[in-house]
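Working notes, structure below.
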There are 2 protein chains.
Amino acid sequence: MKSSAHETIKSKGYKLTHQRQLILSILEGSQTHLDAEALFLLAKRRDPKISLATVYRSLSTFKKIGLIQEQGFGEDHGHFETVSNKPHFHFTCSQCGQVTELRSKKIIRLIKELCQEEDLKMESMDLLIQGLCPVCQEKKSTSTTS
Amino acid sequence: MKSSAHETIKSKGYKLTHQRQLILSILEGSQTHLDAEALFLLAKRRDPKISLATVYRSLSTFKKIGLIQEQGFGEDHGHFETVSNKPHFHFTCSQCGQVTELRSKKIIRLIKELCQEEDLKMESMDLLIQGLCPVCQEKKSTSTTS
DNA sequence: ATGAAAATGCGAATTATTCTCAATTATATT
DNA sequence: AATATAATTGAGAATAATTCGCATTTTCAT
Ligand SMILES: [Mn+2]
Ligand SMILES: [Mn+2]
Ligand SMILES: [Zn+2]
Ligand SMILES: [Zn+2]
């Protein structure tokens with residue numbers, strides 16, 4: 001029951017390079033949803049020679065073998081998180097951009113049922129909700145209530 | 001109770017140019033989820049002088065005033081649809097790329113409840129499911145069952 | 001009809017991501 | 001441990017979607 005991610009990489013026929021290990025460990029250790037650039041900057045602190053292209057290639061590989069997932073968040077670039085986390089949804093605040101994770105076993109079950117009814121074989125789901133976080137709701141009502 | 005989209009454009013202080021009317025009418029008449037390039041090609045058939053930049057600018061404006069919504073579909077470019085359609089979800093086949101629309105009043109209600117519980121004010125939601133459509137499931141099982 | 005402000009067309013610029021290719025590295029084999 | 005081979009990397013060029021800059025045109029209130 002050790003580092004199964006490393007096993008997955010090798011079992012899929014990919015080499016366990018130290019760049020891949022580094023990138024993966026950053027993703028696993030991060031609580032936030034990193035984008036490629038942020039990940040690259042963090043990686044460079046431990047390996048100043050690492051290339052942005054390698055970050056993108058690793059992300060692509062990890063995604064292909066199911067170690068990570070990419071999130072859109074309605075921006076012009078992706079964000080990444082490990083798949084180990086239980087399935088969840090994302091809420092992004094349209095004002096401050098903060099990302100909140102939401103969970104609901106019930107909703108997930110209903111989505112699966114919906115797919116079965118339509119004879120669709122689900123491989124992944126992504127629910128993104130946009131709106132105002134509690135803090136920004138407060139700000140807005142304060143400035144409006146003159 | 002007439003063309004409320006035109007009214008919306010003017011009421012928000014935007015000018016009702018014939019380019020905007022054209023782009024909007026194409027979006028309203030389309031059954032598919034057009035991307036900017038496809039929309040541009042269709043628009044050029046009726047106005048050969050129209051610019052791709054104008055298409056992007058119009059899409060951006062329409063999105064801002066709530067006339068249309070942009071969908072990610074996990075690609076490197078957006079797809080667009082009018083908001084008039086009842087809220088719905090999207091399923092894209094990872095094999096053939098086909099997009100299917102799904103509806104579930106129940107799921108929408110549960111999502112709204114989930115947001116209320118967390119004190120989040122929802123402005124929009126996007127549920128994207130990826131998987132295999134019935135046709136591609138069939139193809140896969142046929143080729144596998146030697 | 002006139003004028004001011006907004007919008008357009010066109011090409012250049014920008015940004016995220018991918019590609020090319022020579023040099024390096026991981027792994028299997030000796 | 002040394003070698004061979006194929007995969008991977010770094011660096012920068014290339015690409016693709018989208019945005020910008022600006023001169024010209026159009027909308028719309030007067
Ligand atoms: Mn971001
Ligand atoms: Mn597309
Ligand atoms: Zn997440
Ligand atoms: Zn749709």
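Lettering follows sequence order; numbering is per chain, from 1.
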Protein-proximity profile, nucleotides 25-30 of chain C, B/S/- by nucleotide at the 4.0 Å heavy-atom cutoff, equals -BS---

Between P of C/dA16 and CG of A/L39, the distance in whole Å: 15 Å

Please report the distance, rounded to the nearest Å, between CG in B/L59 and C1' in D/dT19. 13 Å

Using a cut-off of 4.0 Å on non-hydrogen atoms, how would the nucleic acid contact of A/G78 be classed: base, sugar-phosphate, or nothing? sugar-phosphate

Round to a whole Å and report the spacing from CZ of B/R57 to P of C/dA7. 10 Å

In whole Å, I'd like the distance from the CG atom of B/L52 to the P atom of C/dA7. 18 Å

Atom-to-atom span, CD of A/E75 to P of C/dT17 - whole angstrom: 10 Å

In whole angstroms, the gap separating C1' of D/dA17 from NE2 of B/H79 amounts to 12 Å

Considering just the side-chain nitrogens and oxygens of B/Y56, establish if one lies under 4.0 Å of OP1 or OP2 belonging to D/dT19. no

So which of B/L127, B/L128, B/D126 actually passes side-chain contact (heavy atoms from CB on, under 4.5 Å) with B/F89? B/L127

Check the distance between D/dT8's P and A/Q21's CD and give it to me in whole angstrom. 13 Å

Check: A/H33/A/E81 side-chain N/O donor and acceptor closer than 3.5 Å: yes

Return the value, rounded to whole Å, for the distance between atom NE2 of B/H77 and atom C1' of C/dT15. 17 Å

What are the two closest heavy atoms between A/R20 and A/F62, and how far apart are they? O-CZ, 3.6 Å

From the options C/dG9, D/dA11, C/dT15, select the nucleotide whose nearest atom is closest to the side chain of A/S51. D/dA11

Hey, what's the ring geometry for B/F73 with B/H90, parallel, tilted or perpendicular (30° and 60° as the breaks)? perpendicular

Are a donor atom and an acceptor atom from the side chains of B/S94 and A/E123 found within less than 3.5 Å of each other? yes

Among C/dG11, C/dT17, C/dT8, the one nearest any side-chain atom of B/A53 is C/dG11

OP1, OP2 of D/dT8 versus side-chain N and O of A/R20: anything below 4.0 Å? yes

Is it true that A/E101 and A/R103 make a salt bridge, defined as a side-chain N closer than 4.0 Å to a carboxylate O? yes

On a heavy-atom basis, the closest approach of B/L16 and B/Q21 is O-NE2, 3.3 Å

